[in-house]
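Just below is one structure, and these are the notes that go with it.
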Protein chains: 2
Amino acid sequence: MEAFKQYLIDELEMSAADAELFLSGFDIVEYKKGDFLLQEGQSCSKVRFILKGCARGFKLVDGKEISTNFYFEYDHTYDYVNYLQQQPAEISIQALDHIQAIELSKEAIEFLNSEIIGFHRMSFQMFKMNYLKTEKERQGFIIRSPKERYLDLLKNNKQIISRVPQHQVASFIGISAEHLSRIRREILKA
Amino acid sequence: MEAFKQYLIDELEMSAADAELFLSGFDIVEYKKGDFLLQEGQSCSKVRFILKGCARGFKLVDGKEISTNFYFEYDHTYDYVNYLQQQPAEISIQALDHIQAIELSKEAIEFLNSEIIGFHRMSFQMFKMNYLKTEKERQGFIIRSPKERYLDLLKNNKQIISRVPQHQVASFIGISAEHLSRIRREILKA
DNA sequence: CCCATTTCTTGACAATTATCAATGAAATTC
DNA sequence: GAATTTCATTGATAATTGTCAAGAAATGGG
C-alpha cells in the first residue's frame, strides 16, 4: 500500500495529501489464481488497481483464448475500451496469480473526481501512459517482425515474459505458441 | 471552418462560446500534396487540425516507407507518442492531398488550456477517442487475419480505403501491397 | 511424494504471406 | 497530350508461420 502511494506521487504526479485521501477508505479485495475479475459480455463497472499479483485479459476466438492484455502491480485492470464506452466487455480478465487489489466503483471514481483536485490530472496521466504504450505496440505490429516484437518485450517488458505463461505471450504478440518456442530457440543459439 | 466548429461542439462537447474562442485568432496554413508536416527526427512542437485534405504518417524501415497512421478532416496531425514525451518524432507526416489546417504551437495550447474552461475537457475527449481507436486496432492485429483487418477498414474506416493509395493501406494493416491486391481479388470474387 | 494438469518443445506438413520481376493502367507533370 | 512517374495486378517462387500430433518438462494439489 505504501509502495502504491509512492507510485501515485512519483509516477502519476499526485500530491501526498491527495494520494492519502485516495487510498483511505478503500477495501482491498483478493482474487485466487484463476478467478475472473471481469467476464466477456459483462458490463464493466469497477476499476481495480492491482497491488500485488498479475492478470491477463483475453478473448475467445474460434474456441481459443487469445491474450490481448496483461496487468501487473499498479496497473488498473478493466476493459478500457468498453468501460469508456459503457458497453459490455469484449475481453475477460483472469488472475494469473493470487491478486490483491483496490476496487473502485464508477461512483467512487466520480466522487474522487470532484473531491480531489489532482484526481483528474492523475487519470489523465495514467491514461496518457497507457496510450503511449498501446500506440507503440500497435506500431510494433506494423513495423516489426514477430521475433523483433519478442525481443522488444525482452528488453522493455521483461515482466510479461517472466510472469506469464509462454503460450499466452505468444498470442499477445500475434503468433502461435509453437512459433514462439522456435523463435526462442533461435535466440538462444545465436 | 463552420463545420469544424460544429464538430468541436457535437463530438468534443465544447460549448459554442469556447469553440468560437478556440477558432478565433488562428491562422490557416496550407500544404501542397507531398509536403511534409513533420519529419522523422524533428522535434514535434506544433499541433495541426486538418480542415480539408488528408495525410499519412510513415516510418522508414529498411529503406521502405511503412504507413503507421492516416489523418483526415478534424484529426490532429502530429506524432502523439513523441509530442507527449517531448522527444524527436519517430514518424514523418506527409500530405496526401492539398491540405488546409489550423496550426497551434505548444504555447498556444497551454494558453488555451488556462483560458478556456472546456479546453482540457476537449483534449481529454479527443484523446479518449484516439485511444479507443488505437486499442481496437492493436487488438485487431492480435485477433484478426489480414483479410479481416481489411474488411474491418472497409466497414468502419472507408475513408482510408477510398482516399489513400492501396500500397500504403497495405503497410498500415501489416501486409505487402501484392498480398492486399490478392485479398481484394478474393473479396470481389466471393 | 505421486498423480494430474499445464506448459513447453519438436517434427512433419500445410497454409499463408513475402519477394521479385514483369506488365498494364492511372495519374501527374511539363 | 506526351512523357514520367506512381500505382495496381499477376505469376512464379521462397520464406515465414500455422496446425496437428506426440512427448518431455515443469508445476500444483492432495
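Letters A, B, ... mirror the listed sequences (proteins, then strands); counts begin at 1. If you're wondering where the values come from, they're calculated on a predicted model, not measured in any experiment. All heavy atoms count here, side chains included; hydrogens, waters and symmetry mates do not.
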Side-chain polar contacts of residues 86-96 of chain B - donor-acceptor pairs under 3.5 angstrom, sequence neighbours left out - could you list them?
{"unit_1": "Q86(B)", "atom_1": "OE1", "unit_2": "K106(B)", "atom_2": "NZ", "d": "3.0"}
{"unit_1": "Q87(B)", "atom_1": "OE1", "unit_2": "Q85(B)", "atom_2": "NE2", "d": "3.4"}
{"unit_1": "S92(B)", "atom_1": "OG", "unit_2": "E40(B)", "atom_2": "N", "d": "2.9"}
{"unit_1": "Q94(B)", "atom_1": "OE1", "unit_2": "R56(B)", "atom_2": "NH1", "d": "2.6"}
{"unit_1": "Q94(B)", "atom_1": "NE2", "unit_2": "G34(B)", "atom_2": "O", "d": "2.9"}

**Asked** Can the ring centres of F72(B) and Y74(B) be said to be less than 6.0 Å apart?
**Response** no

**Item:** Non-neighbouring partners of S43(B) that pass side chain to side chain contact (heavy atoms under 4.5 Å, CB included), sequence neighbours left out
**Value:** none

**Request:** Rounded off to whole Å, could you give me the CD1-to-P distance for the I175(B) and dT9(D) pair?
**Result:** 12 Å

**Asked** Which residue pairs pass the salt bridge (Lys or Arg N to Asp or Glu O under 4.0 Å) test when at least one of the two sits in residues 178-190 of chain A, sequence neighbours left out?
**Response** K147(A)-E186(A)

Contact list (N/O, under 3.5 angstrom) for nucleotides 3-5 of chain C vs protein:
none

**Summary of protein contacts for nucleotides 24-30 of chain C, nucleotide by nucleotide, where a base hit scores B, a sugar-phosphate-only hit scores S (4.0 Å, heavy atoms)** = ----S--

**Prompt:** What's in the same ILVMFWY side-chain cluster as F36(A), cut-off under 4.5 Å, chained through other members?
**Reply:** F58(A)

**Prompt:** With sequence neighbours left out, which residue pairs that include part of residues 2-17 of chain A fulfil the salt bridge (Lys or Arg N to Asp or Glu O under 4.0 Å) condition?
**Reply:** K5(A)-E20(A), E13(A)-R121(A)

**Request:** Could you list the residues that satisfy side chain to side chain contact (heavy atoms under 4.5 Å, CB included) with H167(B), not counting sequence neighbours?
**Result:** P165(B), A177(B)

Validation: residues 139-146 of chain A side-chain donor-acceptor distances under 3.5 Å, sequence neighbours left out:
{"unit_1": "Q139(A)", "atom_1": "NE2", "unit_2": "E135(A)", "atom_2": "OE2", "d": "2.7"}
{"unit_1": "S145(A)", "atom_1": "OG", "unit_2": "E148(A)", "atom_2": "N", "d": "3.2"}
{"unit_1": "S145(A)", "atom_1": "OG", "unit_2": "E148(A)", "atom_2": "OE1", "d": "3.3"}

**Request:** Sugar-phosphate means primed atoms, P, OP1 and OP2; the rest is base. With that split, encode nucleotides 7-12 of chain C 5' to 3' as B, S or - using protein heavy atoms under 4.0 Å.
**Result:** SSBBBB

**Asked** Taking only residues two or more places apart in sequence or in another chain, which ones pass salt bridge (Lys or Arg N to Asp or Glu O under 4.0 Å) with D18(A)?
**Response** none

**Request:** Check every strand shown and say whether G34(B) touches a base, only sugar-phosphate, or nothing at a heavy-atom separation below 4.0 Å.
**Result:** nothing

**Item:** Partners passing salt bridge (Lys or Arg N to Asp or Glu O under 4.0 Å) against K52(B) (at least two apart in sequence or in another chain)
**Value:** E73(B)

